[in-house]
Engineer: 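The following block contains the structure, expressed as structure tokens.
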Amino acid sequence: MSKGALALLIHGGTDNWSPERWTARFRAVCHDRPILLPPEAKRDPAKVHYAAVWKPSPGDLACFPNLKVIFNLGAGVDALMADKTLPNVPLVRVAVGDLTGRMTEYVVLHVLMHHRQELYLRDQQRSKRWVPKFQWPASAISVGIMGLGTLGADAADVLGRIGFRVAGWSRSKKQVDGVACFHGDGQLDAFLRRTAILVCLLPLTSETRHILNRDLFAKLKRDGPLGAPVLINAGRGGLQNEADILGCLDDGTLGAASLDVFAQEPLPVDSPFWTHPKVVLTPHNAADTDPDEISKYVARQIENFEAGGVLDNVVDRARGY
Ligand code: NDP
Ligand code: OXD
């Protein structure tokens, strides 16, 4: 009997999300399982047992009557959760060392960039001014990570090893060596009060939408060596109130921001973020999903599932992540 097919539905729009590249990788690791792209996948939808997706259009998955598992090809599932017609089968997200390592590189790069006053130093270089500024040790700086999950916990560990004073905030209570752990709404203010560099690695859910706003920025630590606090957001654009970020950068509530994600992506050309002197922006590529790693991850999960029904990293639909 032939194996249930895997439908590959990808709307990435960048080189990394080329459907041809992903198809070749899936065909290499899924052996004799048919890998179908649209429109072929929809010609005989009953054949499809699995779907591997990135930003499919709402309704795309509802046409497969025998679907058993949906694999999201990234860590964040907010786009899928917004699809009211999403079939009620297990939804698996990406949690692999390769992606985690890439995100930690981004977080460490940007924390160090602000800690070592790189915006000031580059500005001085452009103006040919030789005016050194005292550089504090990492141990003088408190970094707070919102989201102590797969990504946040790894970034916290590496930042701690560099010497930063690291805290984390999560929904449930946690204990992580070397990290001051805070959880829930009741401990958010205490977490913010000790945080000079705020790193956001939260998922976008109904509870976290626009959590990065003026009220929250006003509670951050202002009496550390950096003066005004810094925001680094690589979670999702929907977590941030963008007008508040701009206003807070302009009135000094925030000293600087590194932003990888935006409410509207690609960021419109007339967005003030592009040219803001206190903003370092990247086009949502803090941590790319690698087709080689992820196709193997999905193939392994399908094998385990067919052998005994076991799946890892299944999204809790009620929590939304
Ligand atoms: P996880 O699900 O492993 O971790 C999420 C963390 O957020 C958990 O610690 C969770 O708490 C916490 N959290 C969720 N909701 C709340 C809440 N209401 N209050 C407090 N804490 C909350 O996710 P990952 O670490 O794998 O990924 C995080 C996000 O990073 C993704 O959802 C995605 O949006 C983004 N991302 C961005 C990329 C980029 O390139 N910019 C690349 C990859 C991911 P608890 O532990 O208690 O459940
Ligand atoms: C992800 C992303 O969620 O790349 O994996 O944004």
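Atoms within each ligand, like the ligands themselves, are counted from 1 in listed order.
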Engineer: Out of Leu202, Leu201, Asp154, who is nearest to atom 22 (C) of ligand 1 when you count heavy atoms only?
Structural biologist: Leu202
Engineer: Can you confirm whether the side chains of Gln125 and Tyr120 place a donor and an acceptor under 3.5 Å from each other?
Structural biologist: no
Engineer: Does the side-chain contact (heavy atoms from CB on, under 4.5 Å) test come out yes or no for Glu207 and Tyr321, once each step is laid out?
Structural biologist: CA-CA 11 Å; Glu207 285 181 23; Tyr321 67 98; over 6 Å; no
Engineer: What protein heavy atom sits nearest atom 5 (C) of ligand 1, and how far off is it?
Structural biologist: Pro203 CD, 3.7 Å
Engineer: Look up atom CG in Leu259 and atom CD1 in Ile245, then write down how far apart they are to the nearest 0.5 Å.
Structural biologist: 5.0 Å
Engineer: For atom 40 (O) of ligand 1, which protein heavy atom lies nearest, and how many Å away is it?
Structural biologist: Ala287 N, 3.2 Å
Engineer: Is there any N or O on Gly149 that sits under 3.5 Å from an N or O of ligand 1?
Structural biologist: yes
Engineer: Less than 4.0 Å is my threshold; does some heavy atom of Arg93 fall inside it relative to ligand 1?
Structural biologist: yes
Engineer: For Gly74, state whether at least one heavy atom is located under 4.0 Å from any atom of ligand 1.
Structural biologist: no
Engineer: Quick check: His284 with Phe262 (ring centres under 6.0 Å apart)?
Structural biologist: no
Engineer: Under 4.0 Å from any heavy atom of Ala286, which atoms of ligand 1 are there?
Structural biologist: 40 (O), 41 (N)
Engineer: Any idea which part of Glu207 is under 4.0 Å from ligand 1, heavy-atom wise: side chain, backbone, both or neither?
Structural biologist: side chain
Engineer: Pick whichever of Gln187, Arg102, Arg171 has a heavy atom sitting closest to atom 11 (O) of ligand 1.
Structural biologist: Arg171
Engineer: So is Asp260 in contact with ligand 1, going by heavy-atom distances below 4.0 Å?
Structural biologist: yes
Engineer: To the nearest 0.5 Å, how far apart are CG in Leu212 and CG in Leu254?
Structural biologist: 9.5 Å
Engineer: Would you mind telling me if ligand 1 is within reach of the side chain of Lys174, the backbone, both or neither, using heavy atoms under 4.0 Å?
Structural biologist: side chain
Engineer: Taking distance alone, with N or O pairs closer than 3.5 Å, would you say Thr150 contacts ligand 1?
Structural biologist: yes
Engineer: Going by atom types alone, do Asp260 and His110 pair a side-chain donor with an acceptor below 3.5 Å?
Structural biologist: no
Engineer: Please determine whether side-chain contact (heavy atoms from CB on, under 4.5 Å) holds for the pair Ser142 and Lys221, giving the CA-CA distance in whole Å, both sets of side-chain angles, and the decisive distance to 0.1 Å.
Structural biologist: CA-CA 9 Å; Ser142 310; Lys221 182 176 171 67; 4.3 Å; yes
Engineer: Has ligand 1 got any nitrogen or oxygen that is less than 3.5 angstrom from a nitrogen or oxygen of Gly147?
Structural biologist: no
Engineer: Just by distance, with hydrogens left out, do Ser295 and Arg21 show a side-chain donor and acceptor under 3.5 Å apart?
Structural biologist: no
Engineer: Any idea which protein heavy atom is nearest atom 38 (C) of ligand 1, and the distance to it?
Structural biologist: Met103 CE, 3.4 Å
Engineer: Can you pull the salt bridge (charged side-chain N to carboxylate O under 4.0 Å, His left out) pairs that have at least one residue in residues 267-288, sequence neighbours excluded?
Structural biologist: none
Engineer: With side-chain contact (heavy atoms from CB on, under 4.5 Å) as the test, would you mind laying out the steps for Leu91 and Phe71 before giving the verdict?
Structural biologist: CA-CA 6 Å; Leu91 167 61; Phe71 294 95; over 6 Å; no
Engineer: Looking at Phe217, I'd like to know if the NZ or CZ of Arg214 sits under 6.0 Å from its six-membered ring centre while staying within 45 degrees of the ring's axis.
Structural biologist: no
Engineer: For atom 35 (C) of ligand 1, tell me which residue out of Gly235, Ala95, Gly76 has the closest non-hydrogen atom.
Structural biologist: Gly235
Engineer: Compare all side-chain heavy atoms of His183 with those of Arg171 and state whether any distance is below 4.5 angstrom.
Structural biologist: no
Engineer: Begin from the C-alpha positions of Leu192 and Leu216 and carry the test side-chain contact (heavy atoms from CB on, under 4.5 Å) through to its verdict.
Structural biologist: CA-CA 8 Å; Leu192 296 170; Leu216 181 139; 3.7 Å; yes
Engineer: Around atom 19 (N) of ligand 1, find the nearest protein heavy atom and jot down its residue, atom name and distance.
Structural biologist: Trp169 CH2, 3.3 Å
Engineer: Of all the atoms in ligand 1, which lie at a distance below 4.0 Å from a heavy atom belonging to His284?
Structural biologist: 39 (C), 40 (O), 41 (N)
Engineer: Decide yes or no for Met146 and Leu188: does some side-chain heavy atom of the first lie under 4.5 Å from some side-chain heavy atom of the second?
Structural biologist: yes
Engineer: Looking only at heavy atoms, is any part of His183 under 4.0 Å from ligand 1, and if so is it the side chain, the backbone, or both, or is it neither?
Structural biologist: neither
Engineer: Any N/O of Leu151 closer than 3.5 Å to an N/O of ligand 1?
Structural biologist: yes
Engineer: Quick one: look up the protein heavy atom nearest atom 37 (C) of ligand 1 and list residue, atom name and how far away it is.
Structural biologist: Ala234 O, 3.1 Å
Engineer: For ligand 1, is any non-hydrogen atom under 4.0 Å from Val77's backbone (N, CA, C, O), its side chain (CB onward), both, or neither?
Structural biologist: neither
Engineer: State, without any angle test, whether Gln301 and Tyr297 hold a side-chain donor-acceptor pair at a distance under 3.5 Å.
Structural biologist: yes
Engineer: So if I only count non-hydrogen atoms and take anything under 4.0 Å from ligand 2, which residues does that give, chain by chain?
Structural biologist: Trp54, Gly74, Ala75, Gly76, Arg236, His284, Ala287
Engineer: With a 4.5 Å cut-off on side-chain heavy-atom distances among I, L, V, M, F, W and Y, is there a chain of contacts connecting Leu8 to Val92?
Structural biologist: yes
Engineer: Answer yes or no for Leu148: is there a heavy-atom contact with ligand 1 below 4.0 Å?
Structural biologist: yes
Engineer: Around atom 15 (N) of ligand 1, find the nearest protein heavy atom and jot down its residue, atom name and distance.
Structural biologist: Tyr321 CE2, 3.7 Å
Engineer: Roughly how far, to the nearest 0.5 Å, is the CD1 atom of Ile35 from the OH atom of Tyr50?
Structural biologist: 11.5 Å
